[in-house]
Amino acid sequence: MNKTYYGKFAVLSKIKKPLEIYNLPIPNLKKNQILVKLKYSFICGSQMNEWLGNKGRDNYLPHLLGHEGVGIVVKKGKNINKFKLNDKVIISWIKGSGSSFNSLTYNSEDNIKINSGPVSTFSTYTIVPENRLTRVPKFIKIKNASIFGCAMPTAFGLANKAKKIKLNKKKYICIFGTGGIGLLVLICLRYLGYSKIIAIDKDKRKLLFAKSIGATESLTIKEFKKLILSKKLNTDDISLNIETSGNKNLMENSFKYLSNNGTCIIAGNTKIGNLIKINPYDIIFGKKIIGSIGGDISIEKNLKIFNDIIEKNKIFKKIYFKKEYILNQINKAILDFKNGKIIRPLIKF
């Protein structure tokens, strides 16, 4: 006899309104579906943008949220060969190998249909496909792995681009935006041996964090421009700018203040419809601008490096693992995140 699972789910029913907690029965698993019991999930800027309505018209309300977490496989549908019951797994929006599906729905007791994509993590249980899961090796603590679904591959992938373009380590790298991703990019750059790093943000508290973990300079955009205008900092010495803030003004400046043979990487998400202005002559004279989504790297192939970065940086516990929220506190976590009281909220189930 099949066991019926019930779970608590945080549901977005209306933009900018508190998430509602539903107790829902888990649907019978179909082909290519895996049921995972959640242990941890982070809230990142992408979910904030969904909650705020910054991604445009939302045609799927009410729906589930979350795309980065870690848990344990408790049930499998047909056609699942990659994972076994009781496997510890990383849940990610970043695609890997294996079978897949596009969407599913959960039904409340009063027949409200709640939509979900192939990945959702703000719940005690979640149904996901093989290609959004990565097995957690025994040498990695499950709590460490909770950040491997989005933040770590995104940040390490961005930092690793410095290595790929064979960046001169005597030149500066500027990070525009020192939120959860920006600070992690800084940590990854330091891990890769880069030391001349300038952190730029409007939030003084985040800049202090950046300075404490190895930024050469931690500056507001006004202070950064002042250094350049006073010629205490020459743009010819800036070879790589990494933009993680999603702020239109910082995006424009990340391309503007760069050497003519330098590279600007845009990773932050602006509000849908917001456009940035750049000088075409900058491109003509050699500046390069590229984008990055999820770091453009494999999670599975880089697990040892990800874990090594955490184990070698005690600051991780202060920035990412210092405070935990339970699911019933998720709206407080969202508001704390929005108001800058926490770098990246961690939900423990």
Side-chain angles (χ1 to χ4, degrees), residues 45-46 94 150-179 181-201 210 214-221 223-225 227-229 231-298 301-302 305:
S46 182
I94 300 170
C150 176
M152 184 63 87
T154 298
F156 183 75
L158 287 168
N160 200 46
K161 287 184 188 295
K163 191 175 179 181
K164 286 186 175 180
I165 64 176
K166 298 180 179 179
L167 187 76
N168 184 341
K169 290 187 177 181
K170 294 181 179 180
K171 299 292 186 179
Y172 280 103
I173 300 171
C174 297
I175 302 171
F176 287 75
T178 54
I181 297 295
L183 289 174
L184 191 45
V185 170
L186 173 54
I187 291 170
C188 292
L189 284 169
R190 296 281 298 175
Y191 175 83
L192 291 171
Y194 295 93
S195 58
K196 298 189 73 172
I197 304 165
I198 299 173
I200 300 161
D201 204 295
T216 310
E217 299 283 352
S218 288
L219 308 166
T220 64
I221 188 64
E223 292 167 340
F224 176 68
K225 288 180 179 180
L227 274 184
I228 291 174
L229 291 173
K231 297 185 178 179
K232 292 180 180 178
L233 176 64
N234 194 322
T235 53
D236 288 342
D237 292 325
I238 303 173
S239 288
L240 177 64
N241 284 342
I242 300 173
E243 194 289 319
T244 68
S245 72
N247 179 281
K248 178 178 180 292
N249 179 49
L250 288 186
M251 281 187 178
E252 291 174 344
N253 283 295
S254 67
F255 186 68
K256 181 178 180 180
Y257 296 107
L258 182 67
S259 64
N260 279 340
N261 62 351
T263 300
C264 173
I265 306 173
I266 301 292
N269 301 149
T270 62
K271 183 177 181 179
I272 290 292
N274 278 4
L275 304 178
I276 64 171
K277 294 179 181 179
I278 60 175
N279 184 346
Y281 281 98
D282 285 340
I283 297 174
I284 291 169
F285 288 121
K287 290 185 186 180
K288 294 174 283 295
I289 183 168
I290 61 175
S292 178
I293 182 166
D296 305 315
I297 61 171
S298 163
K301 291 179 180 179
N302 290 282
I305 293 175

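As a basis for the values below, the full set of heavy atoms in this structure was taken, side chains included, without hydrogen atoms, waters or symmetry mates.
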Under the 3.5 angstrom rule, does the side chain of Glu252 hit a backbone N or O of Phe255 as a donor-acceptor pair? no
Exactly one of Ile173, Leu240, Ile242 should register a side chain to side chain contact (heavy atoms under 4.5 Å, CB included) with Thr263. Which one does? Leu240
Which residue pairs satisfy the salt bridge (charged side-chain N to carboxylate O under 4.0 Å, His left out) criterion with at least one member in residues 281-292, sequence neighbours excluded? Asp282-Lys287
Quick check against the 3.5 Å criterion: does Lys232 have a side-chain atom that pairs as donor or acceptor with the backbone of Leu227? no
Less than 6.0 angstrom separating the ring centers of Phe176 and Tyr257, yes or no? no
Quick one: does Thr216's side chain have a donor or acceptor within less than 3.5 Å of a partner on Ile197's backbone? yes
State whether the side chain of Asn253 and the backbone N or O of Asn249 hold a donor-acceptor pair below 3.5 Å, judged by distance alone. yes
Are the side chains of Ser218 and Glu223 in touch, meaning some heavy atoms are under 4.5 Å apart? no
Between Leu233, Ile238, Asn234, which is the residue that forms a side chain to side chain contact (heavy atoms under 4.5 Å, CB included) with Asp236? Asn234
Quick one: CG on Leu275 to OG1 on Thr270, what's the gap to the nearest 0.5 Å? 7.5 Å
Starting at CD1 of Ile94, measure out to CD1 of Ile293 and round the result to the nearest 0.5 Å. 8.5 Å
Lys196, NZ atom: more than 12 neighbouring heavy atoms under 6.0 Å: yes
Please name the pair of heavy atoms, one in Met251 and one in Asn269, separated by the smallest distance, quoted to 0.1 Å. CE-N, 4.5 Å
Between Asn279 and Lys256, is any pair of side-chain heavy atoms under 4.5 Å apart? no
Check the surroundings of atom NZ in Lys169: do more than 12 heavy atoms from other residues, nucleotides or ligands lie under 6.0 Å from it? yes
CD-SG distance between Glu243 and Cys174, expressed to the nearest 0.5 angstrom: 12.5 Å
Do Ile228 and Phe224 have side-chain heavy atoms sitting under 4.5 Å apart? yes
Nearest-0.5 Å distance, CD1 of residue Ile283 to CD1 of residue Ile289: 7.0 Å
Can you tell me how far apart CG (Leu186) and CD1 (Ile198) are? Round to the nearest 0.5 Å. 12.0 Å
Beyond-backbone contact of Asn302 with Pro153, side-chain heavy atoms, under 4.5 angstrom: no
Using only atom types and a distance under 3.5 Å, with no angle test, would you say the side chain of Thr244 pairs donor to acceptor with the backbone of Gly177? yes
Can you measure from CG (Leu167) to CG (Leu192) and round to the nearest 0.5 angstrom? 11.0 Å
